[in-house]
Protein chains: 2
Amino acid sequence: MNDEICRNISLTSLRRLPSYLRYLKTQRDNGIDYLSSIIIAQAMELSPMVVKKDLSIAIKVEGKPKLGYHVDSLIKDIEMFLGYDNKKDAVLVGVGSLGKALLSYEGFKNYGLNIIVGFDKEVNEPAILDKKILSIDKFSNLTKRMNIHIGIITTNKEAAQEIANMMVEAGIKAIWNWAPVKLSVPEDIVVKNEDLAASLAVLSNSLSDHQIGGSI
Amino acid sequence: MNDEICRNISLTSLRRLPSYLRYLKTQRDNGIDYLSSIIIAQAMELSPMVVKKDLSIAIKVEGKPKLGYHVDSLIKDIEMFLGYDNKKDAVLVGVGSLGKALLSYEGFKNYGLNIIVGFDKEVNEPAILDKKILSIDKFSNLTKRMNIHIGIITTNKEAAQEIANMMVEAGIKAIWNWAPVKLSVPEDIVVKNEDLAASLAVLSNSLSDHQIGGSI
DNA sequence: TAGATTGTTAATCGATTAACAATC
DNA sequence: TAGATTGTTAATCGATTAACAATC
């Protein structure tokens, strides 16, 4: 009766989309025009059902029975869905070794993310590759002026909450937090925690005696 | 009838354990002796039920009705369960900016991981902090001799598969892969992919119009 | 046309949430 | 004892898997 019941986009599907993209691009570069869910599933070690469900959330150009999915269209659709088409600007605070690593990571531009500048308390070097490093004093002003909505925190855990507050004040809407703390932010701010300890726990567990059920 | 049916340890529970640990340690340092699931849940923005279920997978010393959990015992139990008690040695291949960041990340020692050495094709500096950097030629020999079972790949995507093969040959059992490729390894090798693109997809999605249901 | 693969609807499975007896 | 909080067993919820009609 109600057509507006929300489309079921699962978090796990969303997480898998970037890896489909990687695979599809390599196949496109090999000159492949069409791929079936069966082939994709084999290559990515998933079941064809999962592939079909996942792709269905992003797809505009439907697959063709017997042929499969048109690779070029599929890539475009997924990129569109993931927002890789319109580059998103981000700022980073905390130019330690991790901050430097993210600032110099070339891959982000493929994913629609553009870290335009790094901030730190002390500016020891003027830039990392082509990214300027500025004093934290200039954060608010620049972020507001450039209307930036994504902030990346790579400070130590002591500074993280303070930086988060500053980000919120400056109009940041989404925070990618690499510091090992739980940030408290207003409800409308999205926080994605990159928890190295949690990753490690999963890996470590797989080497121990008491093991969780599924695959990682 | 069958007592041996596997205990249900969920992946999500496992991932949350490190953050309990962080919270419990701060509270212990504040001089708190007992904490109830209700208090913990509030602090971590979970429901008390989730807390009780999560803790129950790791716990040896039971909580006390009316009082709650004994913080010290709880910390010890979780650390034991996560294997933080016996430090695990790991080796890292690919001393680019990301590799350097991981080599110099102080936090790992709290999580029972000890990256003892970094390898690269070209050795531009002899060490990062106290971690030696060695030529990749020495990988197999050293890894076998020291009987190391965890390998971290922070190379570019072109080199990753080759390095994975080398690791497997040298007796590595678990691989933490930061390169954006799907590695193919024998079935008994555990691979944990750290997929920056997937993280970013989730963050990015939250800023867009078509949004997934749950919280991140 | 026959065979293969699609998108979708129904069944299964597993994790989260709720309910509750046990107990300090 | 009464109240609070535990651990556990049952109900709900959501995602994964299976089944199948539609179609190229």
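Proteins come first, then strands; the chains are lettered A, B, ... in the order of their sequence lines, and each starts at number 1.
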Open item on the list: How many whole angstroms separate atom CG of B:Leu46 from atom P of C:dA18?
Closed with: 13 Å
Task: A:Lys182 with A:Asp195: basic N within carboxylate O range, under 4.0 Å - done: no
Task: Shortest side-chain distance from B:Ser10, nucleotide among D:dG7, C:dC24, C:dA15 - done: C:dA15
TODO: Would you kindly give the OH-to-C1' distance between A:Tyr69 and D:dC24, to the nearest whole Å?
DONE: 14 Å
- [ ] Return the value, rounded to whole Å, for the distance between atom CG of B:Leu55 and atom P of C:dT16.
- [x] 14 Å
Open item on the list: Only pairs with both distances under 3.5 Å count, Watson-Crick or wobble alike; so what is the partner of C:dA21 in this structure?
Closed with: D:dT6
Task: Position toward the 5' end of DNA chain D (nearest nucleotide), B:Ile38 or A:Ser47 - done: B:Ile38
- [ ] Could you check how far NZ of B:Lys53 sits from C1' of C:dC20, rounded to whole Å?
- [x] 14 Å
Open item on the list: Nearest whole Å is fine: how far is C:dA22 P from B:Glu62 CD?
Closed with: 15 Å
Open item on the list: Just the rounded figure in Å: distance from P of C:dC13 to CG of B:Leu11.
Closed with: 20 Å
Task: Parallel, tilted or perpendicular: rings of B:Tyr111 and B:Tyr84 (30°, 60°) - done: tilted
Open item on the list: I need the CG-P distance between A:Leu35 and C:dT5, as an integer number of Å.
Closed with: 12 Å
Open item on the list: Both distances below 3.5 Å, Watson-Crick or wobble geometry, any strand: find the nucleotide opposite D:dT12.
Closed with: C:dA15
TODO: Look at B:Ser13 and C:dA15 and indicate whether a side-chain polar atom (N or O) is within less than 4.0 Å of OP1 or OP2.
DONE: no
- [ ] Would you check if the distance from the ring center of A:Phe108 to the ring center of A:Tyr105 is below 6.0 Å?
- [x] yes
Task: A:Pro48: which of A:Ile40, A:Ile39, A:Ile38 passes side-chain contact (heavy atoms from CB on, under 4.5 Å) - done: A:Ile38
Open item on the list: Nearest heavy atom decides the nucleotide; on that basis, is A:Pro65 or A:Met49 closer to the 5' end of DNA chain C?
Closed with: A:Pro65
TODO: Look at the side-chain N and O atoms of B:Thr12 and state whether any lies under 4.0 Å from the OP1 or OP2 oxygen of C:dT16.
DONE: yes
TODO: Take the protein atom CZ of B:Arg15 and the nucleotide atom P of C:dT16, then report the distance between them rounded to whole Å.
DONE: 10 Å
Task: Neighbour count above 12 (heavy atom, 6.0 Å) for B:Lys121 NZ - done: no
